[in-house]
Amino acid sequence: MTTTGRGARRRPRTPGAVRTRLPLVAPAAVGVAFIVLPLVALLLRADWADLATHLSAPVVGQSLRLSAVTTAVTMVVVWTLGTPLAWLLARSDHPLTAWGRALVTVPLVLPPVVGGVALLMTWGRRGVLGGWLEEAFGVTLPFTTAAVVMAEIFVAMPFYVISVEGSMRSLDRRFDEVAATLGAGPVRTFRTVVVPMVLPGIAAGSALAWARALGEFGATITFAGSFPGRTQTAPLGVYAALERDPDAAVALSLVMLAVSVLVLGLLRSRWLR
Amino acid sequence: MTTTGRGARRRPRTPGAVRTRLPLVAPAAVGVAFIVLPLVALLLRADWADLATHLSAPVVGQSLRLSAVTTAVTMVVVWTLGTPLAWLLARSDHPLTAWGRALVTVPLVLPPVVGGVALLMTWGRRGVLGGWLEEAFGVTLPFTTAAVVMAEIFVAMPFYVISVEGSMRSLDRRFDEVAATLGAGPVRTFRTVVVPMVLPGIAAGSALAWARALGEFGATITFAGSFPGRTQTAPLGVYAALERDPDAAVALSLVMLAVSVLVLGLLRSRWLR
Amino acid sequence: MTALDASLAVRLDGFDLDVALRREHGVTAVLGPNGSGKTTALKALAGLHTLESGHVRVAGTTWADARTHLPPEARSVGMVLADPLLFPHLTLLDNVAFGPRSRGMPRAAARSRAAEELGRVGLAELTGRRPSQVSQGQAQRAALARALATDPALLLLDEPLSALDPQTRSVTRADLSHRLRDYAGVTVLVTHDPLDALTLADHLLFLEGGRVVQSGTPAEIVARPRSPYVAGVVGLNLVHGRLAGGGPPRLALAGGAELVVAEVPADARPGDELLATVNPAAVTLFTERPEASARNLWHLEVAAVTVTGQRARVRLHGVPGVELVAEVTLPAVAQLGVTVGTRLWAGVKATEVEVYPA
Amino acid sequence: MTALDASLAVRLDGFDLDVALRREHGVTAVLGPNGSGKTTALKALAGLHTLESGHVRVAGTTWADARTHLPPEARSVGMVLADPLLFPHLTLLDNVAFGPRSRGMPRAAARSRAAEELGRVGLAELTGRRPSQVSQGQAQRAALARALATDPALLLLDEPLSALDPQTRSVTRADLSHRLRDYAGVTVLVTHDPLDALTLADHLLFLEGGRVVQSGTPAEIVARPRSPYVAGVVGLNLVHGRLAGGGPPRLALAGGAELVVAEVPADARPGDELLATVNPAAVTLFTERPEASARNLWHLEVAAVTVTGQRARVRLHGVPGVELVAEVTLPAVAQLGVTVGTRLWAGVKATEVEVYPA
Amino acid sequence: GAADDGAAGDDDPAGPRTVTVLAAASLTDVLELVAADLESDHEGVRVELSFAASSTVVQQVQEGAPADVVALAGQEPLELLEASNRAGEPVVFTTNTLALAVPADNPAGIEGPEDLARDGIRLVVCRPEAPCGAAAQTLFAQLGISPAISSYEPDVRATLAKVSLGEADAGVVYNTDVATAADGVLAVEIPPQDNVVSRYPILAVSDNPLARVFIDEVLSARGQQHLADAGFVAP
Ligand SMILES: Nc1ncnc2c1ncn2[C@@H]1O[C@H](COP(=O)(O)OP(=O)(O)OP(=O)(O)O)[C@@H](O)[C@H]1O
Ligand SMILES: Nc1ncnc2c1ncn2[C@@H]1O[C@H](COP(=O)(O)OP(=O)(O)OP(=O)(O)O)[C@@H](O)[C@H]1O
Ligand SMILES: [Mg+2]
Ligand SMILES: [Mg+2]
């Protein structure tokens with residue numbers, strides 16, 4: 001091995017580098033394999049020859065379109081509500097804040113089906129608020145596209161809040177103070193200083209939340225049901241097609257997989273390094 | 001209002017403080033309400049009088065026990081595989097790392113049901129590896145408790161890796177360098193410097209991953225089925241009981257909720273401030 | 001009307017600040033050891049700490065008293081810290097325009113005001129740069145421009161030069177001094193650097209442990225420091241003792257040693273507490289006990305050496321009550337073999353000691 | 001056998017380092033402006049940068065050459081940076097025991113070794129503390145103990161005192177000097193502080209832009225600095241010019257000004273390039289044009305002022321080719337009204353100028 | 001691993017002690033009674049039951065679920081079960097008919113299947129891939145109505161849950177499901193002439209001798225009585 005040329009800098013630091021790192025590399029490789037193998041299996045099992053046909057199955061287009069629309073609306077709501085929430089949590093010194101934070105992250109751990117039931121108990125026809133909504137405005141939420149969005153917000157917002165709060169908390173408090181001495185009130189500081197400065201964190205949190213919303217299944221089917229074009233999002237479409245048209249189901253899964261990898265990969269390489 | 005006494009320091013900074021913060025507080029409050037209301041509804045609907053009876057339904061104890069065992073095993077595996085993986089990702093400068101990272105986080109976005117199908121396609125009797133496993137060792141994984149653990153690992157590890165990698169990446173590289181000059185090879189540095197220093201991040205990641213494993217439903221029912229005592233974890237128990245014994249289902253949900261809030265709250269107040 | 005009239009009582013966990021400050025105009029430098037409460041005082045003025053009691057009145061407006069606590073954004077204040085803390089996502093222009101915009105000025109006006117302020121600190125060419133694209137000194141000047149762009153009635157500078165390397169520091173100090181000359185409001189400047197205090201301020205305030213230990217004009221303070229910290233800042237040795245009775249005029253020091261002096265204040269009686277200063281340059285060092293005219297002679301150990309240019313300051317100790325800094329040339333350091341731990345003879349002529357009441 | 005024989009060629013994005021260094025023993029101080037490659041050189045020695053070409057041989061072992069690149073953990077090296085970088089989760093004792101443990105020493109032996117090392121830097125009482133519970137100076141001494149606990153053949157110190165406040169710095173410098181006296185290996189000390197260089201090192205190496213610009217013993221360097229940076233470090237004014245023909249001996253400076261000198265090297269011919277130093281204390285300042293004996297007299301503007309103790313260093317410019325630092329007393333600063341921007345007359349006697357070949 | 005239990009227990013020289021049954025969700029209560037009978041008659045034998053939608057059951061068997069017996073709700077899913085997985089001929093052991101489930105207060109005033117076609121009725125059915133969903137489609141075809149559907153639920157359970165929670169005005173489910181459902185759900189009968197009869201097959205999918213024992217227990221008088229008690233009708 002010679003050291004001439006730029007390429008030399010890329011060589012492993014020692015011939016034995018891989019060996020001495022084995023106790024790290026081996027488990028990491030097993031971990032990667034465990035996650036990646038099923039994805040590969042999915043690719044292997046896909047009916048590539050007729051992929052185009054499968055992708056033109058009505059369930060595919062319809063459910064993808066619905067997923068695109070609902071997750072977009074979800075993200076708008078999550079940004080609007082979740083960003084101020086993350087900020088207040090990040091800057092609160094109150095001893096109860098830790099518990100408030102835990103409460104907000106509960107949907108992370110709640111089985112989605114239970115989440116769906118809880119949503120029904122709140123917004124359903126006989127729910128705590130739903131009954132009143134129906135009487136006062138004649139609005140019923142379950143079985144509507146709005147219910148899909150609500151289910152997605154319920155499961156996705158905690159991801160966003162937890163992640164954005166982390167970056168906001170590590171923002172130097174002195175920036176807030178400087179903005180205040182310059183005459184910026186809390187809202188203006190939030191808008192013109194905090195948000196722009198934590199943009200990478202917001203991007204990361206958005207990616208996570210969007211991904212979670214895209215994959216959402218249990219709460220959606222429980223709270224919104226499954227009706228093609230109205231409440232049957234892509235994951236529900238996959239489930240519905242799994243037995244009747246497994247190739248379409250796999251094709252649909254592949255599309256979701258590809259889109260997600262693309263979004264996560266782009267975001268992470270752009271923002272997160 | 002007077003400023004005498006220590007209490008004065010806690011007063012709001014201005015009488016108008018709440019008003020000027022309204023554009024932040026209002027959406028945050030809506031966000032909290034949206035998440036907390038369904039949880040409250042769940043509490044309201046619970047049959048508190050007979051809670052003890054419902055909790056003694058066999059499905060409750062059995063599935064909680066199974067969930068405790070499987071999530072514990074899951075966490076051991078996730079720690080073992082995920083920690084080195086997070087470290088290698090955190091310290092890799094390779095341009096492809098961002099994509100590797102995205103790949104590892106795919107299960108975050110994959111609908112769990114699709115994840116279950118992918119696991120079946122890998123480890124099932126007709127799967128890429130499962131067929132070989134069965135022939136060579138007579139081992140079939142699907143529909144066993146092992147399958148539950150595998151499904152939980154598949155969905156939970158990405159949470160752990162993404163979260164721990166974040167804290168590892170923000171670890172000052174000079175600590176690695178100092179450890180190296182002191183004679184510690186990569187593995188020793190990992191074990192004695194990196195892991196202890198990112199313990200709070202590991203705790204946070206573990207909480208997330210554990211919570212995700214605890215709530216796991218779709219991949220489990222697809223890949224492991226729902227055998228009481230063998231593969232019927234708490235969320236599957238909730239689902240099974242929902243129709244026949246909804247009060248037991250709600251009671252079980254409440255137990256899960258309480259345990260999760262407790263764990264998240266304790267962790268976050270201990271480690272994450 | 002007093003432009004700044006503040007009486008600050010702040011209580012933090014384990015720290016009490018109690019400081020009064022009234023100034024009509026000009027620059028007040030606040031000095032003190034680490035943890036003496038300088039930053040706390042500035043934050044209380046800015047509204048970032050709530051007063052336990054006391055008041056802050058600036059240019060006729062009450063910012064805080066028993067019933068009032070204006071938030072920082074409602075106070076006409078400008079603040080610059082050691083770290084410029086420019087908003088990294090904004091250009092220098094937009095950083096400086098941030099204040100005027102926040103106070104309601106239309107965008108175009110705010111920007112032209114910002115351009116003007118940047119011009120006044122010599123950054124007219126860099127308005128379009130991001131903070132990451134300018135040097136530390138430039139960033140600090142931009143921070144100053146930002147703080148002044150809102151025409152604050154009170155300007156608070158918390159060690160504005162301390163994070164700069166020495167060269168940048170003196171250039172930036174000049175810019176700061178230049179810019180402050182045109183500023184009509186009251187400036188409070190926290191610093192550790194005596195030169196800042198002497199070149200930028202017309203009034204000095206020394207804090208120790210949250211209390212004012214000495215205040216006055218630079219000339220007063222340089223002449224008669226009243227605490228070891230203050231003496232250290234102005235570069236003098238300070239000795240504290242009682243006038244001894246009988247014999248030549250001399251001070252009895254705490255550890256039993258004596259300091260012979262030429263003159264004492266006319267009204268001093270034996271037993272009176274007195275302070276005495278000795279210029280480090282007036283301390284002579286010898287390797288052997290000299291047959292010298294110096295009336296004060298001690299055998300001391302070198303505790304520390306610092307060098308500036310071709311001069312070294314040698315800190316000596318080892319005789320109870322006597323702790324001296326001597327200033328010698330670099331060649332002398334080499335010739336005397338001055339390193340930490342060496343024992344040397346230090347002599348001070350009685351005529352070089354200046355005595356005043358404690 | 002040479003204890004350290006290194007020829008370092010390192011190529012980073014946009015920066016090239018090319019430095020050779022051979023030392024048998026003792027402390028080599030590496031000085032240079034920011035970004036001159038000091039840290040890069042240390043990292044290359046430690047194995048944290050890969051050599052483009054060259055070699056590192058220490059105590060007879062090849063650490064790096066065209067075919068070898070030992071990783072840092074296989075090199076017998078100790079490193080201390082400005083930031084102590086103690087492992088926050090370990091006590092001081094375990095921090096110091098980390099190295100011996102990593103190199104295979106049993107726990108009990110490593111701990112007793114660590115306790116011994118901590119004792120040698122005066123921290124015997126603090127072995128059980130966490131890094132967060134000790135002062136910065138103590139932490140830095142612990143970092144030194146940690147680096148030395150593995151008996152490294154090469155000790156690398158990268159501005160080990162720069163993050164400390166001045167008082168702690170001089171105490172820690174003394175401890176460091178004391179500890180280095182007992183250390184048998186080669187030490188390379190990166191510093192910005194001339195005092196570190198003069199009191200700790202027996203050999204100085206100046207880097208600029210990744211290249212060595214001057215090296216030698218402290219005495220050689222103090223006497224004849226060869227670059228403005230080096231002159232600045234040793235506190236002298238450096239003037240670069242050509243010997244003028246005819247008239248009294250004098251140098252023609254770049255901007256057209258002249259510097260009259262008393263003596264020139266015997267073999268200098270008109271037109272030869274020469275360097276000249278002037279001690280800042282030998283520069284006299286006047287408000288009015290004096291009728292003085294100083295043969296060199298310029299009307300200059302004050303660019304910067306710094307104060308140490310009761311002396312001020314005044315940087316002057318305004319005549320092309322002439323940039324001078326003058327050292328005056330604090331009272332003189334007040335009397336002359338020295339602030340940045342003032343114009344003063346600066347005089348230098350020809351006899352105060354020291355001339356040597358460029 | 002799977003080798004410890006169920007189908008793979010053949011290695012045990014004393015004969016397998018466990019029989020694993022995968023069954024349609026609608027059989028949950030009945031088969032638990034049947035299993036209890038069998039376990040009390042055969043000392044040391046354990047019956048493991050797992051319930052899911054019939055189509056899921058079939059898929060699980062295909063993918064290697066450790067199953068000895070499969071009992072399905074309807075014969076369509078059976079067609080998907082590959083021959084290699086069958087270890088015996090399927091037997092129709094019972095039949096089921098459809099019923100309308102409505103909330104206890106019947107807010108939409110559903111009296112019979114024809115009311116389903118009214119505007120504004122919120123109707124939930126199983127997804128067409130599930131036997132209950134297929135049967136519902138057949139029912140609508142026989143009635144000549146095409147009611148507006150609010151949701152295609154994954155299985156009977158979910159369909160019934162929507163009704164019992166009051167979210168749906170009506171759900172098409174099996175007669176037996178309404179009988180076992182929690183309070184809060186009423187059955188509206190569908191006249192026999194319009195109703196759809198689902199035939200429930202049971203078959204062994206492993207050569208575990210206990211599979212036969214279990215199937216016989218289901219077909220026994222005692223087993224049939226449990227089925228009848230739950231609202232099933234003998235074939
Ligand atoms: N927010 C706070 N809560 C509690 N104590 C505080 C807080 N801020 C500062 N202190 C304490 O108040 C004391 C004074 O701190 P302050 O920052 O005002 O000192 P300083 O004079 O500015 O020191 P330095 O020269 O190091 O900047 C210190 O003991 C510090 O620990
Ligand atoms: N890892 C790196 N990759 C690319 N360039 C680097 C890297 N590290 C340092 N450099 C560049 O190399 C040059 C020398 O840096 P180095 O840190 O060695 O300077 P230094 O002499 O130690 O400066 P200072 O006095 O500021 O510590 C600088 O231009 C720096 O930007
Ligand atoms: Mg401070
Ligand atoms: Mg450096």
Side-chain angles (χ1 to χ4, degrees), chain A residues 20-21 23-24 27-28 30-32 34-39 41-42 44-45 80-82 84-85 87-88 98-99 101-114 118-119 121-122 127-128 154 157 185-187 190 211 214-215 217-218 235 238-239 253 257 260-261 264-265 268-269, chain B residues 20-21 23-24 27-28 30-32 35-39 41-42 44-45 80-82 84-85 87-88 98-99 101-114 118-119 121-122 127-128 153-154 157 185-187 190 211 214-215 217-218 235 238-239 253 257 260-261 264-265 268-269:
Chain A
T20 62
R21 284 168 185 269
L24 295 179
V30 172
V32 170
F34 188 79
I35 288 174
V36 172
L37 269 177
L39 308 180
L42 217 52
L44 289 179
R45 282 288 188 95
T80 316
L81 305 183
L85 177 53
W87 177 235
L88 294 184
W99 293 101
R101 211 176 277 133
L103 208 60
V104 169
T105 48
V106 163
L108 284 180
V109 304
L110 213 59
V113 174
V114 177
L119 283 170
M121 288 177 172
T122 313
V128 179
F154 184 76
M157 186 142 73
V187 177
F190 172 74
L214 187 66
F217 177 82
V238 170
Y239 188 71
S253 305
L257 201 155
S260 322
V261 172
L264 285 178
R268 308 211 108 226
S269 57
Chain B
T20 62
R21 285 168 184 270
L24 293 179
V30 172
V32 170
I35 288 175
V36 172
L37 268 178
L39 308 179
L42 215 54
L44 289 179
R45 282 292 186 93
T80 316
L81 305 184
L85 177 53
W87 177 236
L88 294 184
W99 292 100
R101 213 177 276 133
L103 210 60
V104 169
T105 48
V106 163
L108 285 180
V109 304
L110 213 60
V113 174
V114 176
L119 283 170
M121 287 176 172
T122 313
V128 179
I153 295 171
F154 184 75
M157 187 144 72
V187 177
F190 172 76
L214 186 65
F217 177 82
V238 170
Y239 188 70
S253 303
L257 201 155
S260 320
V261 171
L264 286 179
R268 309 209 107 226
S269 57

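Being a predicted model, the structure only gives us computed values, none of them experimental. Here is how names work: the chains are called A, B, and so on, in the same order as the sequence lines, proteins then strands, and each is numbered from 1.
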Student: Out of curiosity, L81(A) CG to M157(A) CE, how far, rounded to the nearest 0.5 Å?
Tutor: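 Reported value, rounded in 0.5 Å steps: 5.5 Å.
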Student: About how many Å separate CG of L85(A) and CZ of R101(A), when rounded to the nearest 0.5 Å?
Tutor: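 Atom-to-atom, R101(A):CZ and L85(A):CG are 10.0 Å apart.
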Student: Top residue by heavy-atom pair count (under 4.5 Å) with chain A, among L214(B), V106(B), T80(B)?
Tutor: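 The answer is V106(B).
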Student: F34(A) versus chain B, heavy atoms under 4.5 Å apart: side chain, backbone, both or neither?
Tutor: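 For F34(A), the contact with chain B is made by backbone and side chain together.
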Student: Evaluate the side-chain proximity of L42(B) to V114(A): yes if any heavy-atom separation is below 4.5 Å, no if none is.
Tutor: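 Heavy-atom side-chain distance check passes, below 4.5 Å.
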Student: Heavy-atom distance under 4.5 Å between the side chains of P84(B) and F190(B), does that happen here?
Tutor: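 Side chain of P84(B) against side chain of F190(B), heavy atoms only: contact under 4.5 Å found.
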Student: Where on I153(B) is there a heavy atom nearer than 4.5 Å to chain A: the side chain, the backbone, both, or neither?
Tutor: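 It is both, since atoms from each part get that close.
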Student: Heavy-atom distance under 4.5 Å to chain A: side chain of L88(B), backbone, both or neither?
Tutor: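 Side chain only.
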Student: Which region of V128(B), side chain (C-beta onward) or backbone (N, CA, C, O), has a non-hydrogen atom less than 4.5 Å from a non-hydrogen atom of chain A, or is it both or neither?
Tutor: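 Looking at V128(B), just its side chain touches chain A.
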Student: Got a sec, which residues hit ring-ring contact (aromatic ring centres under 6.0 Å, His included) with F154(B), two or more places apart in sequence or on another chain?
Tutor: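 With neighbours one apart ignored, the set is empty.
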Student: Decide yes or no for V36(A) and L103(B): does some side-chain heavy atom of the first lie under 4.5 Å from some side-chain heavy atom of the second?
Tutor: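 The answer is yes; the side chains approach within 4.5 Å.
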Student: Among P38(A), P27(A), G31(A), A211(A), which residue has the highest count of heavy-atom pairs closer than 4.5 Å to chain B?
Tutor: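 The residue among P38(A), P27(A), G31(A), A211(A) with the greatest pair count is P38(A).
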Student: What part of L44(A) gets within 4.5 angstrom of chain B, counting heavy atoms only: side chain, backbone, both, or neither?
Tutor: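 Only the side chain of L44(A) comes within 4.5 Å of chain B.
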Student: Based on non-hydrogen pairs under 4.5 Å, which of G218(B), A118(B), G82(B), S253(B) is most in contact with chain A?
Tutor: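 Most heavy-atom pairs under 4.5 Å with chain A: A118(B).
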Student: Considering only heavy atoms, which portion of V32(B) lies under 4.5 Å from any heavy atom of chain A: side chain, backbone, both, or neither?
Tutor: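 Contact with chain A involves both backbone and side-chain atoms of V32(B).
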Student: Closest heavy-atom contact between V187(B) and L24(A)?
Tutor: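 Reported closest heavy-atom pair: CG2-CG, 4.1 Å.
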